[in-house]
Amino acid sequence: MLSLLLFTFGGEAQQKANYKLAEKLRNVSFGSLIGKYSMSVFPKQINDTDKFWFEFTTEEGKNFYFVDPAKGEKRLLFNNTDIAQGVSLITRKGYNEKDLRISNMEFSKDLTKMTFSMDGRYEFDFKTKKVQALEKKDHSEEDDEVIYSWMTFSPDRKYILYAKGHNLYIRGNKAKGVDTTEVQLTTDGEKYYSFARDPEDDQKDEAETNARWFKDSRHIYVVREDSRKLKDMFVINSLTKRPTLETYRYEMPGEKDLCQYELWIIDIEKKTANRVSADKWTDQYIQVLQPGEKGDKLFFQRFKRTWDEVDICVVNTETLEVKELIHEVDKPYRDYHMQNTVILNDGKDILFRSERTGWGHYYHYDGEGRLKNVITSGPWVAGQVAAIDTVGRAIYLYGFGREKGVDPYYYMLYKASIDKEGVTLLTPENAQHGASFLSSKRYFVDTYSRVDMEPKIVLKNNQGKVIMELAKPDTRRLKELGWRAPERFTVKAADGLTDIYGIMWKPADFDPNKKYPIISSVYPGPFFEYVNTSFRVDDSYNMRLAQLGFIVVSMGHRGGSPMRGKFYHRYGYGKLRDYPLADDKYAIEQLADRYAYIDLSKVGIFGHSGGGFMSTAALCTYPDFYTAAVSSAGNHDNNIFNRGWSEIYHGVKEAVKTVKGKDGQDSTVYTYSCKVPTNMELAKRLKGHLLLVTGDMDKNVHPANTLRMVDALIKAKKNFEMIVLPGNGHGFGGKADAFFERKLWYHFAKYLLGDESTMEDVELQIEN
């Protein structure tokens, strides 16, 4: 009776998690019935015209539409009944008219007929509405051609390129009447210095290669990786009959022996394979940009190990002479993920993205590397290229932060001239945009939405004028289930000046008069912030977690994204562990001050990978603020994590010294060091409730990251929980993922709501 009175009248009594509601809204996840309804349009062009068709699914079924942009016309491509009944008359089978499984649609030149595949190959007459079975083509020798995954065909289909025994080979294509005698192109291939895609596989049979053909079907190029000096890493597969050791090569920050990248050019006529003399920096990275149209040149870029210098180069495939076209210095590092170089007109025009002004913008260079003109400029970020019209000398690209009053993370589409400075906004709607251009670049499908606004799908011309609405997503059932869209918010970073953008999920049965614990769903970047900006019926674990009785938030942090400019993005440089923590805490405090329904005494935090690293760091850095954390696959010790990640985003120090050799000659030696603060150093500060999770087969963020944190917590005499998911890598899948999500629920329900329901109690609640 006393416990009943406490539950009824006590302000801090146990609150039950609403597992039933969370499970109910699992039905809106990807792959569910609602998840099958269309949220976007993918235009499929008809022949060489601007006319196109698309399919779109609502609860009324799947329909196929025809669009003629020039006439502003949209109509059903055909009546599903005509197709289903027409095929049934031939096969005597039944077909679901609301879910026609049609593929390989082709149209006659006059658009009066269509051929398609559906349990056979058929022709449909748009005028008579008749379906006719097509006769099978006469058997030819080409039908006997067997294509395997290891085959890389030359553009003229005369030759097949492949690897064998770590070397490169070609043979003629029998279907083209070319001699099929095998020709060996290289002889020095070996394990870890291979021309095969898998450098560890010692099989003697044909294998895939990363080598690629030039358009002339004569030259071949490949970036060959030499990882012979790399050290091994290991994981154990505990689910095999006898637990099996799996070995792989892995680079760690500051190590001496790294993978070395070599550029090779192969000439099948001369039967030569030559390494290009492209070395400039110690431990440099090489990446191919584009082969020349005539096979006479190849454009590539090389990065310095310190990632603060890059060259755009071209190599002559005959002389192997390398010419440096553009040299860029970018402090403290060049952003690898948004860097972009576009080669046009066989190298006569080069569009180079640079952050030299503190903002990412495009610059137009000629084929000799001379700057011709600035394309974009100003205090905003020019991002990915959506399309290029080489005939009209126009570039279509996404931009961020240019329009006042618009979320700087929204993709806004702009049109720019290659030959002069300035942009024109084509998508003024205040939302996240995605453009799909037709090949003529005269029209594009614009799908735009916000987390709190359903997608609008329209056809526009290349001046931004709306031609028509194409389709409207079906969300009726979604609303019936009680689903509610997340809400957008803006707060200040811990500096009190920088805007931080985020979204908030509330339970479907939200009551503003109640108090709710708040949970921060985190990923700190720094290459991207996983905070959704477009309409999505499901957002990983966040939406379902909120249904238990939580306010769940996800937001950016200074240092997390290149979409806000260099100053914002480079904030985390040199402080890879700590840079997002103060912003997360201060943002939650502001939200609690703003909304009375947020209980600031019960704060949770969780994340995966970098988010796992951040959530543990936050719990230990602010032990009196955060109550509970779930950290999965966290890189708690970035000193044993991916070398590129730590050296780029935290920084690598280069030391240069002169060494006198045995011959008395001086030589220059470069050494590198990188030291990142770890979560283990914070273990002694833990007060709250931490759940650590890792897959035992994680080759990305090795399980040792989690186990080292466990070791530090044990030595600090701290209480915590840990789960190891057998057979799982960096991403959890299937039953393991479902189990993990339930443990996520239980952990926060127990420590933020005081609900200690057992798994059996939860299953009973869901069933009833």
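Values below: every heavy atom of this structure, side chains too, minus hydrogens, waters and symmetry copies.
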So does [Y] get a backbone contact from the side chain of [X], meaning a donor-acceptor N/O pair under 3.5 Å?
{"X": "N373", "Y": "I418", "answer": "yes"}
{"X": "S154", "Y": "S217", "answer": "no"}
{"X": "R249", "Y": "Y192", "answer": "no"}
{"X": "N345", "Y": "D349", "answer": "no"}
{"X": "R212", "Y": "V222", "answer": "no"}
{"X": "N639", "Y": "V676", "answer": "yes"}

Using a 4.5 Å cut-off on heavy atoms from C-beta on, say whether the side chain of I375 contacts that of L351.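 In contact.
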
Check whether any side-chain heavy atom of L325 lies under 4.5 Å from a side-chain heavy atom of I350, and answer yes or no.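 Side-chain contact under 4.5 Å: yes.
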
Taking the six-membered ring for Trp, are [X] and [Y] closer than 6.0 Å centroid to centroid?
{"X": "Y414", "Y": "Y398", "answer": "no"}
{"X": "Y649", "Y": "Y333", "answer": "yes"}
{"X": "W213", "Y": "F153", "answer": "no"}
{"X": "Y221", "Y": "W264", "answer": "no"}
{"X": "H608", "Y": "F732", "answer": "yes"}

In Å and rounded to the nearest 0.5 Å, what is the [atom1] to [atom2] distance from [X] to [Y]?
{"X": "L289", "Y": "L298", "atom1": "CG", "atom2": "CG", "result": "8.0 Å"}
{"X": "K280", "Y": "I286", "atom1": "NZ", "atom2": "CD1", "result": "12.0 Å"}
{"X": "D335", "Y": "R353", "atom1": "CG", "atom2": "CZ", "result": "6.5 Å"}
{"X": "E647", "Y": "C674", "atom1": "CD", "atom2": "SG", "result": "5.5 Å"}

Tell me, which pairs form a ring pair (Phe, Tyr, Trp, His ring centres under 6.0 Å) where one or both residues lie in residues 343-363, sequence neighbours left out?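 Residue pairs with at least one partner in residues 343-363: H361-W380.
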
For residues 311-331, which residue pairs pass the ring pair (Phe, Tyr, Trp, His ring centres under 6.0 Å) check, not counting sequence neighbours?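 The answer is none; no pair qualifies.
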
Decide if atom NZ of K653 counts as having more than 12 heavy atoms of other residues, nucleotides or ligands within a radius under 6.0 Å.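 Not more than 12 within 6.0 Å, no.
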
Side chains of D584 and S520 only: does a donor on one sit below 3.5 Å from an acceptor on the other?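 Side chains of D584 and S520: pair found under 3.5 Å.
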
For W307 and Y285, take the angle between the two ring planes, folded into 0 to 90°, and tell me which bin it lands in: parallel under 30, tilted 30 to 60, perpendicular over 60.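 Rings of W307 and Y285: tilted, as their planes differ by 30° to 60°.
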
Would you mind listing every salt bridge (Lys or Arg N to Asp or Glu O under 4.0 Å) that reaches into residues 421-430, with sequence neighbours excluded?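 Pairs touching residues 421-430 that pass the test: E429-K460.
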
For E355, which of R570, K566, H569 qualifies under side-chain hydrogen bond (donor to acceptor under 3.5 Å, both in side chains)?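 The passing option is R570.
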
